[in-house]
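A note on names: the letters A, B, ... follow the listed sequences, proteins ahead of strands, and every chain is numbered from 1.
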2 protein chains.
Amino acid sequence: MKRNTWQREAVRAALDTAEGFVSAQGLHATLHATGSPIGLATVYRALADLAAEGAADSLQSPEGESLYRACTNDHHHHLICRNCGLTVEIEADAVEIWAKNVAAEHGFSQAAHVVDVFGLCATCAPVAPSPGRFARGASRP
Amino acid sequence: MKRNTWQREAVRAALDTAEGFVSAQGLHATLHATGSPIGLATVYRALADLAAEGAADSLQSPEGESLYRACTNDHHHHLICRNCGLTVEIEADAVEIWAKNVAAEHGFSQAAHVVDVFGLCATCAPVAPSPGRFARGASRP
DNA sequence: AATGGTTTTGACAATCATTATCAATAAGCG
DNA sequence: CGCTTATTGATAATGATTGTCAAAACCATT
């Protein structure tokens with residue numbers, strides 16, 4: 001049976017509050033900063049559960065960290081500033097269809113896709129390109 | 001000055017030979033298996049160099065491992081079997097344009113994108129879904 | 001072919017995110 | 001309230017990747 005604990009609620013609340021994507025480590029740090037004594041392992045578990053039940057979605061930053069964000073439950077992709085982490089949700093029906101088709105054309109089933117765009121947002125574009133949390137090169141366009 | 005060493009050639013050759021994407025660890029294991037005494041750190045460095053100079057492209061498996069593949073130097077994306085690692089190169093001009101546009105529309109510059117489709121290939125679809133090297137859920141479609 | 005200045009290598013330690021362990025705790029049912 | 005069992009959390013373990021640094025290799029030059 002699944003039980004409701006204040007820890008899980010805390011993680012869910014912190015996720016809802018967070019702007020853009022956050023790492024499990026970052027979320028744990030945030031929670032601690034607000035006085036919550038929640039354990040790190042618990043944050044990982046709660047995030048994994050939320051992602052599994054569709055209440056959060058996850059992606060990997062180019063450095064390989066897993067990032068999570070509260071999910072509005074409809075499918076979308078993300079435009080992420082590689083300097084400040086600002087995230088914009090983008091809808092892309094065209095891409096959805098394309099992904100499904102291209103998989104089918106090659107005999108693939110159960111297709112999942114990773115479609116995310118990293119760049120510099122209008123605010124960060126002028127500043128020095130200090131490699132922030134979202135730096136290392138993805139597959140080059 | 002950049003120097004040519006047999007180690008770098010070995011990595012390049014092993015990459016060319018490999019089917020689909022391989023991890024640095026895997027490539028190192030393969031090289032050892034064929035008798036090469038190359039060091040693990042060297043494989044990492046060689047792969048990073050190859051990726052930096054555009055001779056290889058890299059992506060992250062859903063588990064967060066960095067995977068590399070010899071690059072044919074024109075830009076494309078990948079359709080990857082999450083069970084056996086079979087990789088199909090796919091071209092997607094439409095997606096290229098879409099990514100560029102969506103970034104521009106939101107004031108983003110220097111856009112890079114991560115567009116890869118994971119699924120089960122025709123061969124693996126029937127077999128039991130044993131979670132192979134490419135298992136954990138990406139952003140759900 | 002020998003020399004010398006630099007780059008590269010490789011064994012190993014260090015780092016860092018994530019997962020496993022397992023006794024102690026707390027949820028929810030009766 | 002008491003019992004059963006899922007959950008927590010401190011810590012150890014894991015596993016990929018990167019840093020360190022002396023020794024070896026590369027290559028232009030002599």
Nearest atoms (heavy-atom pairs only) where A/Leu31 meets A/Ala14
CD2-CB, 3.9 Å
Passing option when A/Val102 is tested against B/Val95, B/Ile90, B/Val88 for side chain to side chain contact (heavy atoms under 4.5 Å, CB included)
B/Ile90
The nucleotide from C/dT9, C/dG28, D/dA16 with an atom nearest the side chain of A/Met1 is C/dG28
What's the CG-P distance between A/Leu50 and D/dT7, to the nearest Å?
13 Å
Which nucleotide in the set D/dT8, D/dC27, C/dT9 lies at the smallest distance from any side-chain heavy atom of B/Arg8?
C/dT9
Is a donor on one side and an acceptor on the other found under 3.5 Å between the side chain of B/His77 and the backbone of B/Val117?
no
What integer distance in Å separates B/Lys2:NZ from C/dT7:P?
13 Å
Backbone of A/Tyr44 reached by a side-chain donor or acceptor of A/His28 within 3.5 Å
no
Would you tell me if any nitrogen or oxygen in the side chain of B/Ser66 comes within less than 4.0 Å of OP1 or OP2 on D/dT17?
yes
Look at the side chain of B/Gln25 and decide which nucleotide, out of C/dT18, C/dG28, D/dA16, has an atom nearest to it.
D/dA16
Rounded to whole Å, the CD-P distance (B/Glu9 to D/dA25) equals 17 Å
Rounded to whole Å, the NE2-C1' distance (A/His28 to C/dC16) equals 15 Å
Charged N to carboxylate O below 4.0 Å: is that the case for B/Arg8 and B/Glu53?
no
To the nearest Å, give me how far apart CG (A/Asn4) and P (C/dA27) are.
10 Å
Quick one: does B/Arg45 reach the base of C/dG10 with a side-chain donor-acceptor pair under 3.5 Å?
yes
Measure the distance from CG on B/Asp49 to C1' on D/dT17 and round it to the nearest whole Å.
15 Å
Measure from the side-chain heavy atoms of A/Trp6 and tell me the nearest of D/dG9, D/dC26, C/dC12.
D/dG9
Return no unless some side-chain N or O of B/Tyr44 is found under 4.0 Å from OP1 or OP2 of D/dT18.
no
For B/Thr5, report the nucleic acid contact type (base, sugar-phosphate, nothing); a contact means any heavy atom under 4.0 Å.
sugar-phosphate
B/Leu40 has an atom CG; how far is it from atom P of C/dT8, in whole Å?
18 Å
Starting at atom CD of A/Gln7, determine the distance to atom C1' of C/dA24, rounded to an integer number of angstrom.
13 Å
Confirm from the modelled atom types if A/Arg3 and D/dT7 form a donor-acceptor pair under 3.5 Å, side chain to base only.
no
